[in-house]
Amino acid sequence: MRKLLINKDDFTYLVDLSKNVTEKQLNPCILDAQIRVLKGTMCSSLYEEVYTQFLDDTLTSENQTLLDDYVIPLLVFASYSNYLVMAGKRSTATGIVKVVGDNLEQITREELKDIKASIEHSQDTYQNNLSTFLECNTDVYPLFLDCCNPQKAGFNFSSIGGQDNPYKGKLKSDYDYKNRY
């Protein structure tokens, strides 16, 4: 199994995850988010560079900033979104049921839809932050440009909404989620 870029401890700063949740429950959600969401957002070449440096404990300062300020929050929300779909529910021969005390009850589609929409909104925000940051710092992250090359797609990311982009040239986020409390 691939090594995970985040662990259960990373969730405590951003979401309300019960201490009773086990790594066995959470790790498949993290792995899915890491491969499906993060790798797709960062492009394979940049993802593999950061992942390899992470494994070898040789992260450059730029990639450490990328990991701390953009990757970890995105992975937390993408993983949490995956986890919430199945949290408190069991798969049975008659379908998926939710645990209510000692009883199991069917979860309504509306309950699931509301929970999922809320978490996906946060995931989308962090995914957009990561994409924007990489698009505006292609001089520091050329593997992103080489792989995704937004200019070839007819986009110009030098400004957003007619304003200078606040991410341009910033390698340290103004928002440090670990120290917000």
Side-chain angles (χ1 to χ4, degrees), residues 1-91 96 98-99 107 111-135 137 140-141 143-144 147-148 167 170-181:
M1 181 164 126
R2 288 186 64 101
K3 185 168 167 96
L4 303 176
L5 292 169
I6 63 171
N7 61 51
K8 185 178 170 185
D9 293 338
D10 292 307
F11 286 73
T12 60
Y13 300 107
L14 293 168
V15 297
D16 184 22
L17 183 67
S18 169
K19 293 184 187 318
N20 296 328
V21 174
T22 66
E23 288 183 3
K24 182 179 177 182
Q25 295 168 307
L26 198 57
N27 286 353
C29 301
I30 295 172
L31 184 60
D32 176 65
Q34 189 170 305
I35 293 170
R36 185 178 50 85
V37 177
L38 181 63
K39 191 172 186 177
T41 303
M42 290 179 70
C43 297
S44 295
S45 298
L46 179 57
Y47 171 85
E48 291 300 331
E49 176 187 90
V50 172
Y51 184 74
T52 300
Q53 288 179 11
F54 175 80
L55 291 178
D56 297 341
D57 198 23
T58 59
L59 282 164
T60 64
S61 62
E62 292 86 359
N63 286 344
Q64 185 68 58
T65 296
L66 185 66
L67 184 71
D68 291 343
D69 296 343
Y70 298 95
V71 169
I72 290 174
L74 171 57
L75 281 178
V76 166
F77 279 100
S79 302
Y80 193 52
S81 176
N82 291 344
Y83 173 75
L84 283 181
V85 173
M86 294 311 297
K89 294 185 268 325
R90 303 281 188 271
S91 180
I96 297 174
K98 66 181 177 180
V99 179
I107 189 168
E111 288 174 312
L112 182 60
K113 185 177 173 184
D114 289 344
I115 292 168
K116 187 93 168 125
S118 175
I119 297 303
E120 284 177 346
H121 175 72
S122 294
Q123 174 188 331
D124 289 346
T125 299
Y126 284 105
Q127 193 167 1
N128 289 335
N129 287 348
L130 173 60
S131 293
T132 301
F133 178 79
L134 290 172
E135 290 159 358
N137 290 285
V140 178
Y141 302 102
L143 290 176
F144 177 76
C147 176
C148 297
Y167 295 103
K170 287 192 178 182
L171 293 181
K172 182 65 179 156
S173 172
D174 291 334
Y175 183 66
D176 182 0
Y177 71 92
K178 289 184 178 179
N179 294 316
R180 70 180 181 164
Y181 297 108

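FYI, the numbering just counts along the sequence from 1. Remember, it's a predicted structure, so these values are computed and weren't measured experimentally.
Distance CG/Leu46 to CG/Leu38: 9.0 Å, rounded to 0.5 Å. The structure places CG of Asp124 at 10.5 Å from OG of Ser131, a figure rounded to the nearest 0.5 Å. Distance check: Leu17 CG to Leu26 CG gives 6.0 Å after rounding to the nearest 0.5 Å. We find the CZ-CD distance between Phe54 and Glu49 to be 15.0 Å, quoted to the nearest 0.5 Å. Separation of atoms OH (Tyr83) and CD1 (Ile30) is listed at 11.5 Å; rounding is to 0.5 Å. One distance of note links CG of Asn27 with NZ of Lys8; it measures 10.5 Å at 0.5 Å rounding.
Shortest non-hydrogen contact noted between Lys39 and Ile35 is CB-O, 3.1 Å. Residue Leu55 comes nearest to Lys3 through the heavy atom pair CD2-CD, 3.3 Å, listed as atom of the first residue, atom of the second, then distance. The shortest heavy-atom contact between Tyr141 and Glu62 is OH-O, 2.6 Å. Shown here for Leu14 and Pro73, the closest heavy-atom pair between the two residues is CD1-CA, 3.6 Å. Summarising the geometry of Thr41 relative to Phe144, their closest heavy-atom pair is O-CE1, 3.5 Å, with the distance given to 0.1 Å. What you find for Val76 and Asp10 is that their closest heavy atoms are CG2-O, 3.7 Å.
Evaluated for a side-chain contact (heavy atoms from CB on, under 4.5 Å) with Cys29, the options Val21, Leu75, Asn82, Leu84 yield exactly one hit, Asn82.
No more than 12 heavy-atom neighbours from other residues, nucleotides or ligands sit within 6.0 angstrom of CG on Asp16.
Gln34 and Tyr47 share a side-chain donor-acceptor pair at under 3.5 Å.
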Worked verdict on Leu66 versus Leu59 for side chain to side chain contact (heavy atoms under 4.5 Å, CB included): CA-CA 10 Å; Leu66 185 66; Leu59 282 164; over 6 Å; no
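Distance alone, capped at 3.5 Å, places no donor-acceptor pair between the Gln53 side chain and the Gln64 backbone. In this structure a side-chain-to-backbone donor-acceptor pair under 3.5 Å is present from Thr12 to Asp9. Side-chain atoms of Asn137 come within 3.5 Å of backbone atoms of Phe133 as a donor-acceptor pair (strictly under, hydrogens ignored).
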